[in-house]
Amino acid sequence: METRTNQLHIAMFPWFAAGHITPFLHLSNEIAKRGHKITFFLPHKAQLQLDHLNHHPNLIAFHTITVPHVEGLPLGTETASDIPIFLSHLLVIAMDKTREQVEQTLAIIIPDFVFYDNAYWIPEIAREIGIKTVCYNVVSAASLAIALVPARKVNDSVTEEELRVPPEGYPSSKIVLSGNEAKGLSFISLPFGEGNMTFYDRIIMAMKGSDAIGIRTTRELEGNFCDYIASQYEKQVFLTGPVLSLEDSVFEEKLEPHWADWLDGFEPGSVVFCAFGSQINLEKPQFQEMLLGFELAELPFIVALKAPNGCETVEQALPEGFEERVKGRGKVSRGWVQQPLMLKHSSVGCFVNHCGFGSMWESLMSDKQIVLVPHLADQVLNTKLLVGELEVAVEVERGGIDGWISKESLCKAIKLVMDEGSEVGARVKINHAKWKENGGNSVLINGYIDKFLQNIQHL
């Protein structure tokens, strides 16, 4: 480990969701690896789940906070994984009610910086104590640029037609929303906190209040969007790169034996792996249709999806006779899986995912074929980046006004990238390899953290 005399002390306060807490912790590991100290605020249950990802416990101290109950939330709710996505507006109220706990601790430890995302009130606290703040964003710069810049000027009466129009100065004609896709952006005008605060209001305030903006991306991927965000907010924008899990062999985790043993029984590059993150809950008919799509593709597969709405367990939702028909070549996970390690296994050849920003980066940094099934607006934009701009992936076609994914359309997309002799599969594979060589090589990516630390030290 590199040690420094000018050690920084940084406090981390991410939104209470696995897709935010985990990348904040990955960044903490990289910063601690360079000799700096971290105090990491998070709910108790999240600490229990993430303890194994703290690779520098001598420098990264978890500080658990009590998440108060808010009427309308199930008792014991602490993170977004505990609730359906439509209750997130209540969880953010609970997060805001932790302000006094956070303020008291910051006043005692007095770090040099606080990194945060949704907690717009952090800069108010920090200024009183004399602490600098960085609003660190773990979503794509493209998503921020199209939805969460002052030029958007969102109010509670914004229409879908208005949302389809990019804000003034937006730097892309390809990565835009059209038709039904704009419905996914409507959440930015919905309540997200007490009073009349909307999601848009919250993030705009969070970004404006910061001393600098951080984004988990690279210039090679999203430089034009980062420049646009900097001009919109009139602030410095510092990039960290994708900040995935550490590569140090001393911290190397191993894939759980039952998965490793099962995957070892298949040819290299033959297995299809599917995961949609911690928050996507499909309806039961769509869940079943997707499983039938994997069956139809006639390739070995692992599906790791949450139990669909209305079902307590995955078993309750399996199509009749499905397990017997796919026995020996198909598995549906009953719980959480080690996604990064799945993608490192040589037998996995295709990653079907929702194109959340973390999964998007894991897709890009892997050598697997990529099939995308976006659900939310930011995932749609990420998909356009990979399919339209980089041409490294294939998107599953949706049908009808409800965006139904048929078993035939899923099977078709998988076969496009996996069938030997497929022109589409060959093209995306070549493009993916070129991108990894030019924009995703490890030397380039690792340099982002060093540059990021230099930039914040200059603040």
> Between Ile31 and Met12, is a side chain to side chain contact (heavy atoms under 4.5 Å, CB included) present by the stated rule, with each step listed?
Replying inline: CA-CA 12 Å; Ile31 293 173; Met12 300 280 183; 4.0 Å; yes
>> With side chain to side chain donor-acceptor pair (under 3.5 Å) as the criterion, how do Asp378 and Ser140 come out once you've worked through the C-alpha distance, each side chain's angles and the decisive distance to 0.1 Å?
In response: CA-CA 8 Å; Asp378 65 314; Ser140 66; over 6 Å; no
>> Before you tell me yes or no, could you show the steps for Lys407 and Gln288 under side chain to side chain contact (heavy atoms under 4.5 Å, CB included), namely the whole-Å CA-CA distance, both residues' side-chain angles and the distance that decides it to 0.1 Å?
In response: CA-CA 9 Å; Lys407 58 181 180 291; Gln288 293 183 327; over 6 Å; no
> Please walk me through it: do His63 and Phe40 pass ring-ring contact (aromatic ring centres under 6.0 Å, His included)?
Replying inline: CA-CA 6 Å; His63 183 88; Phe40 201 108; over 10 Å; no
>> Is there a side chain to side chain donor-acceptor pair (under 3.5 Å) between Thr217 and Glu222? Walk through the geometry before answering.
In response: CA-CA 7 Å; Thr217 193; Glu222 300 188 287; 2.7 Å; yes
> How far apart are the C-alpha atoms of Leu8 and Ile456, what are their side-chain angles, what is the distance that settles it, and do they pass the side chain to side chain contact (heavy atoms under 4.5 Å, CB included) test?
Replying inline: CA-CA 10 Å; Leu8 294 174; Ile456 66 168; 4.1 Å; yes
>> Could you walk me through whether Phe225 and Tyr170 satisfy the ring-ring contact (aromatic ring centres under 6.0 Å, His included) test, starting with their C-alpha distance in whole Å, then the side-chain angles of each, then the deciding distance to 0.1 Å, before giving a yes or no?
In response: CA-CA 8 Å; Phe225 297 109; Tyr170 179 76; 5.6 Å; yes
>> Test side chain to side chain contact (heavy atoms under 4.5 Å, CB included) on Leu25 and Asn29; report intermediate values, then the result.
In response: CA-CA 6 Å; Leu25 184 52; Asn29 277 322; 4.3 Å; yes
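A side-chain contact (heavy atoms from CB on, under 4.5 Å) with Leu91 is found for one member of Val70, Ile85, Thr77 and no other, namely Thr77.
The line from CZ of Phe41 to CZ of Phe16 is 10.5 Å long, rounded to the nearest 0.5 Å. Distance check: Leu291 CG to Leu305 CG gives 7.0 Å after rounding to the nearest 0.5 Å. Between the CD1 atom in Ile302 and the OG atom in Ser333 there is a gap of 8.5 Å [rounded to 0.5 Å]. Atom CG of Leu239 sits about 6.0 Å away from atom CD1 of Ile215, to the nearest 0.5 Å. Atom-to-atom distance recorded for Thr64:OG1 and Leu42:CG is 7.5 Å, nearest 0.5 angstrom. Between the CG atom of Leu255 and the CG atom of Leu263 there is a distance of 6.5 Å, given to the nearest 0.5 Å.
Salt-bridge formation is detected for the pair Glu397/Lys412: a Lys NZ or Arg NE/NH1/NH2 atom is positioned less than 4.0 Å from an Asp or Glu carboxylate oxygen. Note on Arg202 versus Asp96: salt bridge recorded, some NZ/NE/NH1/NH2 to OD/OE distance being below 4.0 Å. A salt bridge between Glu30 and Arg34 is present, with a side-chain N of the basic residue lying under 4.0 Å from a carboxylate O of the acidic one. Taking 4.0 Å as the cut-off between side-chain N and carboxylate O, Asp367 and Lys429 do not count as a salt-bridged pair.
Asn118 contributes no side-chain N or O that, together with a main-chain N or O of Ile203, makes up a donor-acceptor pair within less than 3.5 Å. Gln7 places a side-chain N or O within 3.5 Å of a backbone atom of Gly35 that can act as its donor or acceptor partner. When atom types are taken as modelled, the side chain of Gln379 and the backbone of His375 share a donor-acceptor pair closer than 3.5 angstrom. With hydrogens and angles ignored, the 3.5 Å screen pairs a side-chain donor or acceptor of Asn281 with a backbone N or O of Ala307. At distances below 3.5 Å, not a single donor-acceptor pair connects side-chain atoms of Glu289 with backbone N or O atoms of Pro285. Listed for the Lys436 side chain is a donor-acceptor partner under 3.5 Å among the backbone atoms of Met365. For His36 (side chain) and His9 (main-chain N/O), no donor-acceptor pair under 3.5 Å exists by modelled atom type. Counting only distance, with no hydrogens or angles, the side chain of Ser409 and the backbone of Ser406 share a donor-acceptor pair below 3.5 Å. Here the side chain of Tyr448 pairs no donor or acceptor atom with the backbone of Arg216 at under 3.5 angstrom. A donor-acceptor pair under 3.5 Å links the side-chain atoms of Gln286 to the main chain of Ile405, judged by distance alone.
With contacts defined as side-chain heavy-atom distances shorter than 4.5 Å, the pair Asp51/Phe62 qualifies. In this structure the side chain of His345 never reaches within 4.5 angstrom of the side chain of Phe273, judged on heavy atoms. No side-chain heavy atom of Val428 sits less than 4.5 Å from a side-chain heavy atom of Ile430. Side-chain contact between Tyr136 and Val243: present, with at least one pair of heavy atoms (C-beta onward) separated by less than 4.5 Å. Counting only heavy atoms from C-beta outward, the side chains of Leu385 and Leu221 approach each other to under 4.5 Å. Under the 4.5 Å side-chain criterion, counting only non-hydrogen atoms from C-beta, Thr198 is not in contact with Phe187. Under the 4.5 Å side-chain criterion, counting only non-hydrogen atoms from C-beta, Tyr116 is not in contact with Val134. At a threshold of 4.5 Å between non-hydrogen side-chain atoms, the residues His354 and Ser359 count as touching.
Contact between Ala317 and Lys284 at its shortest, heavy atoms only, is CA-CE, 4.0 Å. When every heavy atom of Val138 is checked against every heavy atom of Gly19, the shortest pair comes out as CG2-O, 3.7 Å. Listed here is the closest heavy atom pair of Gly439 and Leu444: O-CD2, 3.6 Å. Of all heavy-atom pairs between Cys350 and Val417, the closest is SG-CG2, 4.0 Å. In plain terms, the two heavy atoms of Glu78 and His44 that are nearest each other are OE1-N, 3.4 Å. Taking both residues in full, the closest heavy atoms of Asp117 and Ala206 are given as O-CB, 3.3 Å, listed atom of the first, atom of the second, then distance.
Taking the six-membered ring for Trp and thresholds of 30 and 60 degrees, Trp15 and His20 have ring planes more than 60 degrees apart, a perpendicular arrangement. In this pair, Phe322 and Phe301 present their aromatic rings tilted. The plane angle is within the 30 to 60° band.
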